[in-house]
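Just so it is clear, the model here is predicted, and its values are computed rather than measured. We name chains A, B, ... by the order of the sequence lines, and we start the count at 1 in each one.
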Amino acid sequence: MPRLMKKVSRKAGLTPGSLIHIGEKKLERARIRAINYDEQRFREEELKTIEESLPLKEAPGVTWINVDGLHQVEVLEKIGAYFALHPLVLEDILNTEQRPKMEDYGDYIYVVLKMIHYDDKKNEIEAEQVSLILGPTFVLSFQERAGDLFDPVRERIRGSGGRIRKVGPDYLCYSLADAIVDGYFAVLEKLGEQIEAAERELVTHPSPKTLRLIHGLRREMILLRKSIWPLREVIGGLQREDSPLIADATRVYLGDVHDHTVRVIETLESYRDMLSAMLDIYLSSMSIKLNEVMKALTLIATIFIPLTFVAGVYGMNFKYMPELEWRWGYFMAWLVMIAMATSLYAYFKRKKWL
Amino acid sequence: MPRLMKKVSRKAGLTPGSLIHIGEKKLERARIRAINYDEQRFREEELKTIEESLPLKEAPGVTWINVDGLHQVEVLEKIGAYFALHPLVLEDILNTEQRPKMEDYGDYIYVVLKMIHYDDKKNEIEAEQVSLILGPTFVLSFQERAGDLFDPVRERIRGSGGRIRKVGPDYLCYSLADAIVDGYFAVLEKLGEQIEAAERELVTHPSPKTLRLIHGLRREMILLRKSIWPLREVIGGLQREDSPLIADATRVYLGDVHDHTVRVIETLESYRDMLSAMLDIYLSSMSIKLNEVMKALTLIATIFIPLTFVAGVYGMNFKYMPELEWRWGYFMAWLVMIAMATSLYAYFKRKKWL
Amino acid sequence: MPRLMKKVSRKAGLTPGSLIHIGEKKLERARIRAINYDEQRFREEELKTIEESLPLKEAPGVTWINVDGLHQVEVLEKIGAYFALHPLVLEDILNTEQRPKMEDYGDYIYVVLKMIHYDDKKNEIEAEQVSLILGPTFVLSFQERAGDLFDPVRERIRGSGGRIRKVGPDYLCYSLADAIVDGYFAVLEKLGEQIEAAERELVTHPSPKTLRLIHGLRREMILLRKSIWPLREVIGGLQREDSPLIADATRVYLGDVHDHTVRVIETLESYRDMLSAMLDIYLSSMSIKLNEVMKALTLIATIFIPLTFVAGVYGMNFKYMPELEWRWGYFMAWLVMIAMATSLYAYFKRKKWL
Amino acid sequence: MPRLMKKVSRKAGLTPGSLIHIGEKKLERARIRAINYDEQRFREEELKTIEESLPLKEAPGVTWINVDGLHQVEVLEKIGAYFALHPLVLEDILNTEQRPKMEDYGDYIYVVLKMIHYDDKKNEIEAEQVSLILGPTFVLSFQERAGDLFDPVRERIRGSGGRIRKVGPDYLCYSLADAIVDGYFAVLEKLGEQIEAAERELVTHPSPKTLRLIHGLRREMILLRKSIWPLREVIGGLQREDSPLIADATRVYLGDVHDHTVRVIETLESYRDMLSAMLDIYLSSMSIKLNEVMKALTLIATIFIPLTFVAGVYGMNFKYMPELEWRWGYFMAWLVMIAMATSLYAYFKRKKWL
Amino acid sequence: MPRLMKKVSRKAGLTPGSLIHIGEKKLERARIRAINYDEQRFREEELKTIEESLPLKEAPGVTWINVDGLHQVEVLEKIGAYFALHPLVLEDILNTEQRPKMEDYGDYIYVVLKMIHYDDKKNEIEAEQVSLILGPTFVLSFQERAGDLFDPVRERIRGSGGRIRKVGPDYLCYSLADAIVDGYFAVLEKLGEQIEAAERELVTHPSPKTLRLIHGLRREMILLRKSIWPLREVIGGLQREDSPLIADATRVYLGDVHDHTVRVIETLESYRDMLSAMLDIYLSSMSIKLNEVMKALTLIATIFIPLTFVAGVYGMNFKYMPELEWRWGYFMAWLVMIAMATSLYAYFKRKKWL
């Protein structure tokens, strides 16, 4: 069960801008990869120290520096100094409990997003914070751990023909955001399959396990909502932002991502509706099942209790009980009892209780 | 049961603008029909290759090219090249999981809508994506399969007298949107009938089948909402769009369609309210029914259990039990038992439990 | 039970502007009444043919032409031609499934409203569509059947003293809208009385009939909402509309009607809240009642079952059962049984189950 | 139980502006009190006829005329004539079913508010309509009955030192509105106490009485909402109104009242949330209680029924029943029965049903 | 259980601006601390009388005067006079039932916030009102009691290196607001832990205690909402306020606090969703548990009641009962009974009731 909220309070009261990594340490050592490209050239290297990235800032073409792992605060401090980032930006990159947002600092645009993927082993959604910084010639990206959602983008850069090699860092930034949003679809599909499985189970053989399944899915929806709703604002903000860093041609593409985020939200909301409809159905199925069992009890008990009474009557030991002496008394008792059972049965049948 | 969400994730990470058909292949071969008309002339033909449509782009009057079937990507690629469509538009036409939207690309307006109809055989709603492209002299329409909702529009074009022959492609585009929205009314009528049938069943003889019916209808509402709500935005956007492609005279007609979509939405919402009211009623009907059965049990059991006890007492084998020796003991026992039954009955009657 | 939705789909696909009457035929023959007045003069006549209204259009003063009954399409066609109405307006007048709306066509303003009244005989709300057309010197009104809600307005015109005779057709139009909104209050009062009656029943003797009553009222609310909410937009739109057809002095009066519609909506919403609160109460009353019956069963059964067991024990036929031979065995058995009953009773009492 | 809606329909169809008092007659005779003051002077008198107020309109300083009782229509007619009020204003003052609103008529501002107080005797909220008219040198106030909420304001005017004596009628008008809003706090406190009492009852000994209490409180909330929500609009409207009648210095004070109304609304909404949370708790408490009783029944019945069966077996009269002849048969029967009871008890204990 | 609403009505009707302390007296004696600093200098002193603060107003650098304890009205009166505060501001500082708000008085900005912390001893949330006044060279802060949330800010001022020493009072004001918002996170973490604990309890062993826990948490959410929602408006207002008192550099930091408040709200809302999901689960768990117990009863009772009947039959004392004389009658009776029990058991098993 994922935690509802991580510990952030130990930071309370510190100077704003103090660099402290909040979150789990998910990687042993920060890994820095730099890609520099333009339409003709392409260079990719893994940096050992952050100082190596220094010349890249001034290099022609587009530079993309990707940092995996955030716990080495000194790495971030140096990058912050080289690229002249605001102290609050550095603080937000390190605080992995950040809300998705977009901020225009003039020289660069800072974007925080949540990247999610479904961990099939643990059977739960994993969220990771991704920070993007879009400058005039560079894009910096910070991930909590080495992920593979950005690999297709790298692939497209390596292939020399694509649009991505012809245009600026804003398009690269869009491509990364697009990859992240595509990750949401993959997770929603997984959830959709689970909801459908739960629905089938609900129809065929509802059980308390189904209830726990539904509850688990609702819980995931509630947590997912918190990262999905701000996503739309962020992408919409990027699209509308009146900044020279974003070319008009790129805005069309951002509009496309924006549509995707809206679809993600609508899908999520329809899942929520579906789940609460399923909960209603589950509860009433359960009550109907109890109903049936109760009716069976009613039938059997209500038919036998009067018969038992009759048997009890003729089991009494009174000295003077004329029926006991009759030749056909026993058979008459049986007749009486069968008549009672039959008429009760007919009564229930007529009342449609059977 | 229609799927909650189709597979789109296999596309995740591809270059934006890569043309891949997402959705089921619903037709063997794409079918291309072209109509060219103005007030005097009218020509309709079925194209074998998409190249034949080339001269139509330059032809005088209004040209309407309708493509049924989307899986032949090369057809779309050629059309995209001839009519200079943006790569994202082509991608969206092929991705049948698109959210209804309207985008103004300057030279043309791109509209995505969902066309629905009720499949009486499968007893479920079928949705199909329709893409419309409105240019200065042409309308392109892309359907997933050959539908008949557009036939009345074709009929009106063939008939020479109507307004449609006198005005431009914007009015044709409006007519197609109008036909699609009319399709929603037909489906809502079907659903309305089903709701009324379920309501009648609910009043006369509620059963678990009714519950499943209500659940199925609610599920359809949830899925329908996802295509209906954006519909309003799309039509409203078309009406307000400040584009030379849409004449002012046509805006009045678009306003009319807009009113229809609002009515569709309100009808859907009132259906939802109705269904959740019906679910409440169903659940309470069920509990009332159980109530009645329980009360019958209560009555019969609660009356006979004490009597059985009395009979049990006089079935004991104690040596010294004075009552057993009495001449009228047996009759007195009967009297006691009848008195007990009668007073319990009267008590229940007075308490209104009967 | 009023229908959820009338058949409109048979119209689907027709040319927009084709005149087809959608709705029930509620009157044998259309009835046309014309009133022409100014501060000094007043003339009222019943027209046999619509052609007679022709000179009235040019007549000095204010002209009010009222048409009861819509199924005679040719009547409407002629009026449309005389007064130069847009084809969509004529279509909307005939389609009685129209959503309330207001449209400014420059030369005239077109208003659609729903007029409701409570039919005491059928015990249900009847809705009727009223179309108003406000021109520079005339008001046209179209009703589905001869109603009496407009009679007080006619009365006020006949009386020579009122403000209505001194001002233009906009004030007449306002008076008609005001009369329609007043009709809503009358219906809401009826519903309020029914809700109060249901509430009294709920408190004194809730029964499944109460449930059906509450459900029926909720159903009516859901249908009523669909005509009431747009009403506010319509009146608010009229008030704000920047048209020379509406004098500023009249806007104050329209503001008053607007306040009334807001009050109608708020009353409806508070009724809805009330009804859902009542449903909660009903369901819990029912469960409490079942509760009580169950507890009575519990008590009686739980007290007698152990006693019956004791009686059963001494009804066994073992050869060696010392108690059976005791002189006071029978009385001791009674003592044991009475002690058991008393202690169970005391236990239940202490647990507050009684 | 307060009525859901008062009769207003008898007014339907009358000329707008016709003066008819709608509401109960709460006072025998209208009482008119006039106060005229400026920083130096102060004069207070009770007027016998409305004509006496005539010179006050022209008097220097601020004049406040307060009318208690609305059923004497002629009084109002005269005031309307003296102060040149719009006929709709007069009509609205008399119609005590008015929705709170604010209207700027240029020469004066017309404000309708609902004044509420909690009637401890009847144990219900009483609402009364207050109309305020703010002119350049005067304030007119109309109450349905003589209330005491305005007395503190009078007191402050009598005391010569306060700010109220130094500033214009807008500040007086603000003071009256402030007094009315303070009245809401007093009522909300009463309701808060009742909710807390109901909550205590809910925790200690929930009973159907608690349910009725909760229902009654919810009902009051629903009715209260109808007068509270518009209140905010009215005060906010006054604050923003661009009228020379309201000095900028007074706007700060109106902002303060506005904050109070927002707090009133938030308190009401949190009460509503609280009450619906309490209803949930009540219903589940009830079901838990039933649960416990049911379990006790289960236990006792399920333990004794098998024992009774065993006793029944050895009560059979077969000729050849070997156990009956055994020396220790009776004791063995007891052993069997005790073993059965104990193992059932242990089973239930292990299952945590006890 | 915290009170729903404190008594404010005793103030009703007083002159606006009359200084009365509303709230509990939480401190014996007001404590006044003054800090004056600029980049070089730093002076901190505890004032005995408020007069000592007089020279500080004119002192160079930034002055922060903090008052703990509000019941000494005369202290506030003097401060109000020295710093020329509006009477309404003074009144609001004293009324601790104020709604969080921000007001720009030109010369200074007045901000009211609620500071909360979780009292581990009482196990409840404690709220305290904090008023901040931001002037051109000073910040005044008023607390109900000596808190420690501001201590880290003091620490940062004492340390000479931080940004806080280099910039103006707006940054100090931001730091205080930031400290308050951080306090909300700490409380939300506590609540999050409690919710998770309740959720674990719900899954492992739900009991009425869990229900009370959930209800208590929901209640706290409802009360918390009232102070959290306005918080966002206040901080957002400060950020947007077009006042020379707030430097542009500080707006970035305020934006950061604004993001935090949005995250606080979203967390609270997701807690609410979670709690209502948990309530659903609790109720259905309870009903499932009852279900199981009921089924056990059903099984045992329904199996034994027919057997008891059979035993009763052969306990009858009729003279002529052939079976009684049979040699193997008794064993046959056992066979019959075992067959009945087995077939009932098999029937229930097949029906999946076991």
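- C/E323 touches chain B through backbone and side chain together, each having a heavy atom under 4.5 Å away.
- Side-chain N or O atoms of C/Q98 include none that pairs as donor or acceptor with a backbone N or O of C/I93 at under 3.5 Å.
- A search for side chain to side chain donor-acceptor pair (under 3.5 Å) contacts involving C/N123 returns C/Y118, not counting sequence neighbours.
- With salt bridges taken as basic N to acidic carboxylate O contacts below 4.0 Å, none links C/K114 and C/E97.
- Proximity to chain C is absent for every atom of B/D151, based on heavy atoms less than 4.5 angstrom apart.
- When heavy atoms are compared at a cutoff of 4.5 Å, C/M316 approaches chain B solely by way of its backbone atoms N, CA, C and O.
- Taking the side chain as every heavy atom from C-beta outward, C/L307 and C/I338 never approach each other to under 4.5 Å.
- Between the B/T250 side chain and the B/I246 main chain, no donor and acceptor come within less than 3.5 Å of each other.
- Both the backbone and the side chain of C/N317 come within contact range of chain B, judged by heavy atoms closer than 4.5 Å.
- Ranking B/D259, B/I305, B/I164 against chain C, the residue ahead of the rest is B/D259, based on heavy-atom pairs under 4.5 Å.
- Using a 30° and 60° split on the angle between ring planes, C/Y330 and B/Y314 fall in the tilted class, from 30° to 60°.
- The cationic group of B/R158 does not satisfy the cation-pi geometry with B/F42, failing either the under 6.0 Å distance to the six-membered ring centre or the 45° limit from the ring axis.
- Ranked by non-hydrogen atom pairs under 4.5 Å with chain B, the options C/L279, C/I300, C/I222 are led by C/I222.
- With a 4.5 Å cut-off on non-hydrogen atoms, C/Y105 touches chain B through its side chain but not through its backbone.
- Contacts between B/V252 and chain C at a heavy-atom distance below 4.5 Å involve backbone atoms as well as side-chain atoms.
- Neither the backbone nor the side chain of C/H205 comes within contact range of chain B, judged by heavy atoms closer than 4.5 Å.
- Proximity to chain B is limited to the side chain of C/R218, based on heavy atoms less than 4.5 angstrom apart.
- Contact tally against chain B (heavy-atom pairs below 4.5 Å) for C/L211, C/L283, C/V313: the top residue is C/L211.
- For C/W334, the part lying under 4.5 angstrom from a heavy atom of chain B is the side chain only.
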Passes ring-ring contact (aromatic ring centres under 6.0 Å, His included), B/Y174 versus B/Y171? Steps please.
CA-CA 5 Å; B/Y174 144 74; B/Y171 190 87; 5.2 Å; yes
